[in-house]
**Q** 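What follows is a single structure, and I will ask about it in a moment.
In what follows, chains are A, B, ... by sequence order, proteins preceding strands, each numbered from 1.
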Amino acid sequence: MGTQLGNPFADLKRSVGAALSKALEGLCLNAELSDDLESLIEEPPRREFGDLSVPATRISKLCDVSLDELLPRLMESLKGLEVVERVEVVGGYVNIFVNYSVFGARVLNSILTSGLRYGVPEGLKSERVVVEYISANPVHPLHVGSGRNAVLGDFLYRLHKFVGNEVQRRYYVNDVGLQSAYLAYGYFKLGLPSIPPHMKPDHYLGLIYAATTTIIDIMRLKKALSRAEGSSDLSRLNEIRGELDSLIGDLARIADAIPNEVSVLSERIASDEDPESKVMEVLRGYERGDKNFMFAREVCNKVLEGIQETLNKLNVGMDVWDWESDLVWGGEVDYVVEKALESKYYRLHKGAPALFFDDLTNDPLLRERLKVPKSLEIPPLILRRSDGSTLYTTRDIAYTLKKFKEFSAAKVINVIAVEQTLSQAQLRLALQALGFPKEAENLIHYSYEMVNLPGTSMSGRRGRYVTVDELLNKLVEMVKTIMSERDAEISGDQALKIARSAVKYMILSVSPSKTLVLDLKKALDLKQNSGPYIQYTYVRAKSVLEKVGVLPQGGLDLSKANKEPLKTLLFELSKFPEVVAEVLVSGQPEDLVAYANNLATIFNKFYDVEPIAKEPDEGYRALKVAITYGASVVLRNFMEIAGMDVLDRM
RNA sequence: GGGCCCGUAGCUCAGCUAGGAUAGAGCGCCGGCCUUCUAAGCCGGAGGUCCCGGGUUCAAAUCCCGGCGGGCCCGCCA
C-alpha cells in the first residue's frame with residue numbers, strides 16, 4: 001500500500017497507524033487490534049489538544065499492557081515521524097501535533113497537482129449506477145416533499161459522477177395508477193380543455209385532480225351519511241359530518257382558483273351514478289391501450305411539461321423518462337406475472353394472485369443481505385387485482401429489471417420516501433423470489449423522511465400543498481429585496497441561482513432520516529451555515545486569486561505554515577477527499593455540508609486577519625495564495641456535488 | 001395491536017454506528033469591527049434537567065430495559 005497523493009489526510013492517518021503498530025510490536029498480542037489501529041485514531045474535541053489523538057487507555061486495555069509501559073513506546077515511535085512536530089500526553093490520550101511545514105507541503109502539493117480533481121477518492125473502481133428519483137405522480141405540481149427528493153437524488157447523481165462513476169438519472173412516470181385515472185376522468189368530464197395561458201399546466205391540472213377526487217369523496221361520504229342516519233351510532237354520524245365539512249372546505253378553496261371548472265365538474269360528476277367505477281373504466285381502458293383512453297397519457301404529459309419547467313428552475317436534470325404504461329403495453333409486466341405464477345412462492349391470497357415471502361424472510365442471512373429490517377413483517381404481495389389490472393409494486397418489479405438491464409447497472413438507487421419502506425422491501429424479496437438475486441441485493445432504497453410546514457397538513461388529493469415553484473419564487477423575491485436594501489442591482493437569473501442554492505443547502509444539511517421542518521421565513525438564511533455563505537466565500541477566494549493572476553509555481557515558504565489560522569485551514573483542506581469517500585458510503589449529505597461550512601468559516605477567518613494578495617513577503621504570499629487556491633477548489637467541488645451554482649461575483 | 005424513525009439551547013440542526021477530555025454550530029437576542037484583497041464577512045456575550053425513569057460501566061447525550069411525546073407503515077392506493 002503506497003502513499004496516496006490525492007488523499008493527504010488518509011495518508012497521515014496511515015503513517016500514524018503504522019507508527020503505532022511498530023510501537024506495539026511484540027508488546028501487544030491482540031492481532032485484530034494491530035490490523036485496525038488506524039480506526040482508533042481520533043480527532044481531539046478541541047484543536048488546542050492537537051491535530052490527532054490516540055486513546056492510550058483504550059489500547060492499554062485492549063492489549064492488556066500497563067500505561068506506564070505503553071506510553072513511552074507510543075511517544076517515541078510517533079516522534080520518529082517526519083510529519084509529527086510534537087506529542088503530548090493528557091488524561092490518557094496521546095495528542096499529536098502535526099508539523100505543518102511537512103504536512104502543509106503534502107496537502108498543497110496534492111491540491112496543486114490534482115487541480116479541480118482534488119477530492120476524487122483514489123483507488124475506486126468505476127461503477128455503473130442508476131439513480132431513480134422524483135418520480136412524482138404526474139397529477140399535480142412538485143411540492144416541497146418532491147423537492148426534497150429532487151435535491152437528494154440530484155446530490156447522489158452528482159456525488160457518484162464526481163467520484164468517477166457512470167450514472168444515469170431516471171424518472172418513473174406513473175401514468176397507469178388510480179391517481180392518473182382520477183385526473184384523466186376529471187379532465188375528460190371537463191371536455192379536455194386547453195390550459196389557461198396564465199397558468200402552468202401542472203398547477204392547473206393539479207387543481208382539476210384535487211377537485212375531481214374531492215368531489216367524488218364528498219359524494220361517497222354523503223352516501224355514507226344517509227346510511228348512517230338510519231342507525232343510532234351518533235359518534236359515527238358526527239365523524240362523517242366532520243370529514244364532510246372539511247372536504248367541502250377544501251373544495252371551496254379549490255373553487256377560489258378555478259370556479260368555473262369546479263362548478264362544471266360538480267355537476268357532471270354528479271350525473272354519473274357511480275363515478276368511482278367510471279374511474280376504474282378509465283384505468284382499465286388505459287391499461288389495455290385502448291385508443292379511446294389515450295387522453296389519459298396526454299394529460300399526464302401536460303403535467304410533466306410543468307414539472308420539467310420546475311426542474312429546470314431548480315437546475316435538476318434527468319436523463320430518461322420511463323412511462324409506466326410502456327411497461328404494461330410492452331409485455332414486461334405480463335412477463336413478471338407469468339414468472340411469478342411459475343414460482344414456488346406463488347399462491348392465491350383472498351382470491352387474488354400473490355407472492356408469499358415467508359420462506360425467504362425466515363432466513364436471517366437473506367434478510368440481512370436484502371436489508372429487510374429484522375422485525376418487519378412482510379405481508380404477501382398481490383400481483384393483480386381481481387379484475388386483472390396490475391398493481392404498483394408488480395409494475396415496479398418489471399421496471400427495476402429494466403433499469404438494471406438497459407444501463408447494465410451494478411447498482412440501482414431508488415430515492416423514495418420512508419413511507420414506502422415496506423413495498424420497497426417487498427420489491428427486493430420479489431426479485432429474489434423470481435430468480436434475480438443480484439438485482440435484489442443491489443437495489444438500494446435511499447429513504448428520506450417527510451417535509452413538514454408549520455401549521456399545514458399537505459395532501460395532493462385535497463390540493464393542499466406548497467409547491468417548489470412557490471418556494472423558489474418566494475426566495476427569489478427575498479433575495480431581490482435584500483439586494484435592493486443594499487442599493488445593489490441583481491439580475492433575476494442571479495437571484496434564482498442564489499435562491500435555489502440556498503434551498504439545496506438547507507435540504508442537504510438535514511439528515512434524510514429526520515423530518516424536515518421547512519419554515520418559509522427562515523428557509524433563506526444568507527448568513528453563516530447557508531448556501532449563499534458558501535457561494536460568497538468562494539467568490540472572495542476567487543477574487544483574491546484574480547488579483548494575484550497566476551498560481552505559484554513553487555517557492556512556497558512552508559516554514560510559515562506552522563501558525564493559525566493557516567494550520568487549521570491546511571488541516572481541513574486535507575480532509576476533503578476523506579469526507580467525500582465517507583459520504584459516498586454513508587449517503588449522508590449533512591456530513592459534507594457541515595464540512596464545507598466549517599472550511600468556509602476558517603477561510604473567512606484567514607481572509608479577515610491575513611493579507612493575501614497584498615502580502616509583501618514573496619514566499620509567504622505564495623503559500624497563502626496556494627492555500628486560497630485550495631479553499632476555492634474544495635468549495636467549488638462541494639458546490640458541484642451539492643448542485644449549487646458556482647458564482648464568480650455576488 | 002405490531003413494526004420502523006425521531007426527541008439535544010427560544011427556533012433549525014450536528015454529535016449517538018465503534019461509551020471517555022469543559023455537549024457543538026447557525027438563526028434569533030445583546031455588544032464591538034468597514035480610508036487596506038467583496039461587511040452575504042469577522043470578533044465577543046448571554047442562552048442547555050442532552051424527553052423521563054431504571055440498568056451496565058471507573059466513565060453514558062452515546063449501550064441495554066421500561067415509559068412518555070411526535071411522525072410514518074401494516075390496502076385488490078401509490
**Q** Find the distance A:M506:CE to B:A40:C1' and express it as a whole number of Å.
**A**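 Going from A:M506 (CE) to B:A40 (C1'), I get 18 Å.
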**Q** Determine the interatomic distance between C1' on B:U62 and the same-named atom on B:U8; round to the nearest Å.
**A**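 Per the computed distance, 12 Å lies between those C1' atoms.
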**Q** Please state the P separation for the pair B:U17 and B:C6 - nearest whole angstrom.
**A**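 Here B:U17 and B:C6 have their P atoms 13 Å from each other.
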**Q** In whole angstrom, give me the gap between the P atoms of B:C64 and B:C5.
**A**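 Rounded to whole Å, the distance is 11 Å.
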**Q** Could you measure between the two P atoms, the one in B:A61 and the one in B:A23, and give it in whole Å?
**A**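 Comparing P positions in B:A61 and B:A23 gives a spacing of 10 Å.
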**Q** Can you name the residues that form a ring-ring contact (aromatic ring centres under 6.0 Å, His included) with A:Y629, not counting sequence neighbours?
**A**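 A:Y629: no ring-ring contact (aromatic ring centres under 6.0 Å, His included) contacts found.
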**Q** Atom OH of A:Y533 and atom C1' of B:U12: how far apart are they, to the nearest Å?
**A**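 Rounded to the whole Å, the gap is 18 Å.
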**Q** Taking the same atom, C1', in B:U35 and in B:G26, what whole-Å distance lies between them?
**A**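 The same atom, C1', in both gives a distance of 33 Å.
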**Q** In whole Å, what is the span from the CD atom of A:E377 to the P atom of B:C74?
**A**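 Going from A:E377 (CD) to B:C74 (P), I get 13 Å.
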**Q** So A:Y392 and A:Y172, would you call those rings parallel, tilted or perpendicular, with 30° and 60° as cut-offs?
**A**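 Geometry flag for A:Y172 against A:Y392: tilted rings.
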**Q** Is it the case that the side chains of A:R636 and A:Y538 hold a donor-acceptor pair, with the cut-off being a distance below 3.5 Å and no angle test?
**A**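 Yes, A:R636 and A:Y538 have a side-chain donor paired with an acceptor closer than 3.5 Å.
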**Q** Where the side chain of A:A352 is defined as all heavy atoms beyond and including C-beta, which of B:C76, B:G41, B:G3 is the nearest nucleotide?
**A**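 Given the options B:C76, B:G41, B:G3, the side chain of A:A352 is closest to B:C76.
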**Q** B:C33 and B:A39: how far apart are their C1' atoms, nearest whole angstrom?
**A**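 Those two atoms are separated by 9 Å.
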**Q** Could you check how far CE of A:M639 sits from P of B:A40, rounded to whole Å?
**A**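 Rounding to the nearest Å, CE of A:M639 and P of B:A40 are 17 Å apart.
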**Q** Is a side-chain donor-acceptor pair under 3.5 Å present for A:N414 with A:Y446?
**A**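 No.
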**Q** Which part of the nucleic acid, if any, lies within reach of A:M483 when heavy atoms closer than 4.0 Å are counted: base, sugar-phosphate only, or nothing?
**A**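 Base, at least one base atom sits under 4.0 Å.
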**Q** For B:C77, does OP1 or OP2 lie under 4.0 Å from any side-chain N or O of A:R385?
**A**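 So the side-chain polar atoms of A:R385 do come within 4.0 Å of the phosphate oxygens OP1 or OP2 of B:C77, strictly under.
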**Q** With rounding to the closest Å, how many angstrom separate the C1' atoms on B:G41 and B:G3?
**A**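 One C1' to the other, the span is 49 Å.
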**Q** How long is the line joining CG of A:N452 and P of B:G7, in whole Å?
**A**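 Whole-Å distance recorded here is 15 Å.
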**Q** Assign A:D648 to base, sugar-phosphate, or nothing according to its heavy-atom contacts below 4.0 angstrom with the strands shown.
**A**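 Here A:D648 touches the bases of the nucleic acid.
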**Q** Could you say whether A:N597 or A:R395 is positioned toward the 5' end of RNA chain B, judged by the nucleotide with the nearest heavy atom to each?
**A**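 Its nucleotide being nearer the 5' end, the pick is A:N597.
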**Q** For nucleotides 15-23 of chain B, read 5' to 3', which letter fits each nucleotide if B means a protein heavy atom sits under 4.0 Å from the base, S means only the sugar-phosphate is that close, and - means neither?
**A** ---B-BBB-
**Q** Listed in order of residue number, which residues of residues 417-427 of chain A have a non-hydrogen atom at under 4.0 Å from RNA chain B?
**A**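 When residues 417-427 of chain A is checked for heavy atoms under 4.0 Å from RNA chain B, the hits, listed by number, are A:E419, A:Q420, A:L422, A:S423.
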**Q** Suppose we call a contact any N or O donor and acceptor under 3.5 Å apart; does that hold for the side chain of A:S509 and the base of B:C13?
**A**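 Donor-acceptor pair under 3.5 Å: no.
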**Q** Do A:H445 side-chain atoms and A:I416 backbone N/O form a donor-acceptor pair below 3.5 Å?
**A**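 Here the side-chain-to-backbone pair exists.
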**Q** Does A:R486 make a side-chain N or O approach to OP1 or OP2 of B:A40 shorter than 4.0 Å?
**A**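 Result: yes.
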**Q** Could you check whether any side-chain N or O of A:D608 sits under 3.5 Å from a backbone N or O of A:N604, counting only pairs where one atom can act as donor and the other as acceptor?
**A**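 Looks like no, no N/O pair under 3.5 Å.
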**Q** What contact category does A:P611 fall into here, base, sugar-phosphate, or nothing, at under 4.0 angstrom with non-hydrogen atoms?
**A**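 A:P611: base contact, heavy atoms under 4.0 Å.
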**Q** Under 4.0 Å between any heavy atoms, over every strand shown, what does A:V539 touch: base, sugar-phosphate, or nothing? Just pick one.
**A**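 Base contact.
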**Q** Under 3.5 Å, is there a donor-acceptor pair between the side chain of A:R367 and the main chain of A:P373?
**A**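 It does hold such a pair.
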**Q** Figure out the OH/C1' separation between A:Y536 and B:C42, and round it to whole Å.
**A**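 These atoms are roughly 10 Å apart.
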**Q** Of all the choices, B:C37, B:C76, B:C13, which nucleotide is nearest to the side chain of A:I382 once you look at every atom?
**A**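 When the side chain of A:I382 is considered, B:C76 is the closest of B:C37, B:C76, B:C13.
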**Q** Considering only the C1' atoms, how many Å lie between B:A40 and B:C27, rounded to the nearest integer?
**A**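 One C1' to the other, the span is 14 Å.
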**Q** Mark yes or no: A:R500 above the aromatic ring of A:Y505, with NZ or CZ under 6.0 Å from the six-membered ring centre and no more than 45 degrees from the axis.
**A**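 Here A:R500 fails the 6.0 Å and 45° test against A:Y505.
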**Q** Side chain of A:L391: nearest nucleotide among B:C77, B:C6, B:A40?
**A**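 Side chain of A:L391 sits closest to B:C77.
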**Q** Can a donor-acceptor pair be found between the side chains of A:R385 and A:S389 at a distance below 3.5 Å?
**A**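 Yes.
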**Q** Distance check, rounded to the nearest 0.5 Å: A:L67 atom CG versus A:S60 atom OG?
**A**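 Those atoms lie 4.5 Å apart.
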**Q** Here's a test of your reading of the structure: between A:V510 and A:T537, which maps to the more 5' nucleotide of RNA chain B?
**A**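 Here A:V510 is the residue nearer the 5' end.
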**Q** Is it true that the side chains of A:S325 and A:D175 contain a donor and an acceptor less than 3.5 Å apart?
**A**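 A pair is found: one side chain offers a donor N or O, the other an acceptor, under 3.5 Å apart.
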**Q** Nearest whole angstrom, please: distance from the P of B:C37 to the CZ of A:R649.
**A**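 Between P of B:C37 and CZ of A:R649: 14 Å.
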**Q** Roughly how many Å is it from CD in A:E449 to C1' in B:C5, rounded to a whole number?
**A**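 So the CD-C1' distance, A:E449 to B:C5, works out to 6 Å.
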